[in-house]
2 protein chains.
Amino acid sequence: MNLARRRPWTNAFSTEALCTRILERHRDSIRVQKPRLAVANLARIIGATLTLSNKQGFHATTLRQLAEASGLSMGGLYTYIDSKPRLLSMILDEVAATTTEVLTAPPDDVRDDAHKHLDWIIATHIRMSEAMQPWFVFAFMEAKSFPPAERQRAIDMEAMTEKIIADVLRQGVASGAFTIDHVKLTASLIKPLLQDWYVKRAKYRKRGTSIDGYIDGVGNLLSAALSNGNRTNGRTSARARARPKQMAHP
Amino acid sequence: MNLARRRPWTNAFSTEALCTRILERHRDSIRVQKPRLAVANLARIIGATLTLSNKQGFHATTLRQLAEASGLSMGGLYTYIDSKPRLLSMILDEVAATTTEVLTAPPDDVRDDAHKHLDWIIATHIRMSEAMQPWFVFAFMEAKSFPPAERQRAIDMEAMTEKIIADVLRQGVASGAFTIDHVKLTASLIKPLLQDWYVKRAKYRKRGTSIDGYIDGVGNLLSAALSNGNRTNGRTSARARARPKQMAHP
DNA sequence: ATTTTCTGAGAGAGCGCTCGCTCGTTTTTC
DNA sequence: GAAAAACGAGCGAGCGCTCTCTCAGAAAAT
């Protein structure tokens, strides 16, 4: 089927490519000298980490399982990582770096059209999270449960993505392309729409939803919601204040 | 300030109320006889479980920490639970049961107006997740990492919520209230909007977003997106197919 | 070309420690 | 004083991590 021919995204976000960058960033703590060998083994270690952690959680994944799954010994493992938490930072750092790099470099023909720019962000974020799915799931699920430094990094990354979206929305409001009451809140609501694709990937796969279909779904929902002056028609406070007087029965 | 006066939601979803139901459901495995005592200690155990697990993960939470935090001893703990995984099922079961009960019982004056019904689901789900925030966070974050039975239960619960939403959307399309291309996909996209409130509660708290503001934000976004015939104007496949030819650089 | 030396990658048993869980004993309750 | 509840030292298993050892193959010496 020759699926692999000319698929730059899949290749640029392959485990090997990402591990090459990880090796560069962590040369001092990785004791193996030969780069080819180091990248190959690092890729197997990190691949195993992602697979096992996304199944059972990082904390529940033992170094013995990791050794077994990556075809190394306990000792061999420790020529690549100097502690288990360090393995976590390696992965988190790489996700953060790649995400930032990709999202902050929109193509020129998109920058000054808010509609196109928002569409580009949606498509790019979703496709990137598809190509790096285990990495994104790992970062999302494990970020909360580890050292303060990494935790803060995850929060910052979330804030950055949101700011990028908010900036585009503001630009669109200024140019008349969008009509939005609360830009920051709206930007916050767009993020989970992008995240759902990888957080609940299994659900969409089982249901047969294609990535193009999902991107269109999010894009259409948002352009319908933001495009025209569908103003808050007095129902606002009604909705907010209408608390059920009674609940089911609990 | 007398905040507690007449707050039925807060009371009905209090740890005590929920633990009373848990006790009923697990009478056979809880060896303490006196109900008042059992509920009180169960509440402290489960409260501690939620607090600690949401900070560091359920797996990383040890029974010694749990004993300390709930004011019991190791042995004391084991008169209430017969294993650590069982503690997880207790919590998951209770969240599932309560959610199902509440969402499947909309008030009569809402049933036959799709707009009002959707607004009711949004407000109810968000308020319930606010009142039971630690429980919802726990269920969301830990569901993936434990036994197949509980895992399936979480998937089923997600599917149920989605089905309820999809039914309302379909009803709205039939009555002309909504215009929606893909009902199932749209229903899938609404869920993460509801979940974001509790998954990222800290972010919204720090930012000063009120629950009413959030409910309005989601409600307005959706009613703008679904209400009028903002049809797919030929840009659909453009968006989907427009893959970046080149990426940032990685 | 053959032998010797050196070296970096990997192996895997074992260390100290903490985990979930048990059980004989003590305290509390009625 | 009997029954119910709580206690907490202790068990074996399994954790992250270390350390000594092996050995292929490159480099140097013959």
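Between atom CD of residue A/Q133 and atom CZ of residue A/R201 there is a gap of 6.5 Å, rounded to the nearest 0.5 Å. Expressed to the nearest 0.5 Å, how far CD1 of A/I22 lies from CZ of A/R27 amounts to 13.0 Å.
No donor-acceptor pair closer than 3.5 Å links the side chain of B/K191 to the backbone N or O of B/I165. Formation of a donor-acceptor pair under 3.5 Å by the B/T61 side chain with backbone atoms of B/G57 is found in this model.
The side-chain hydrogen bond (donor to acceptor under 3.5 Å, both in side chains) analysis of residues 66-81 of chain B, with sequence neighbours excluded, yields the pairs B/N41-B/Y80.
Between the CG atom of A/L77 and the C1' atom of C/dA9 there is a distance of 13 Å, rounded to whole Å. Note: CD (B/E68) to C1' (C/dT18) measures 16 Å, nearest angstrom. For the pair A/L66 CG and C/dG12 P, the interatomic distance rounds to 17 Å; values are reported in whole Å. Nucleotide D/dC17 holds its P atom 15 Å from the CD atom of A/Q65, rounded to whole Å.
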Apply salt bridge (Lys or Arg N to Asp or Glu O under 4.0 Å) to residues B/R207 and A/E162 and explain how you reach the verdict. CA-CA 13 Å; B/R207 185 179 297 179; A/E162 235 182 88; 2.7 Å; yes
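Using a 4.0 Å cut-off on heavy atoms, the residues of residues 36-62 of chain B that approach DNA chain C are B/T61, B/T62, listed by number.
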Could you run through nucleotides 21-30 of chain C and give me one letter per nucleotide, 5' to 3': B if any protein heavy atom sits under 4.0 Å from the base, S if only the sugar-phosphate is that close, - if neither? BBB-----SS
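Residues A/A69 and A/A48 share a closest heavy-atom pair of CB-CB, 3.8 Å.
Side-chain atoms of B/Y214 and B/D196 include no donor-acceptor pair closer than 3.5 Å.
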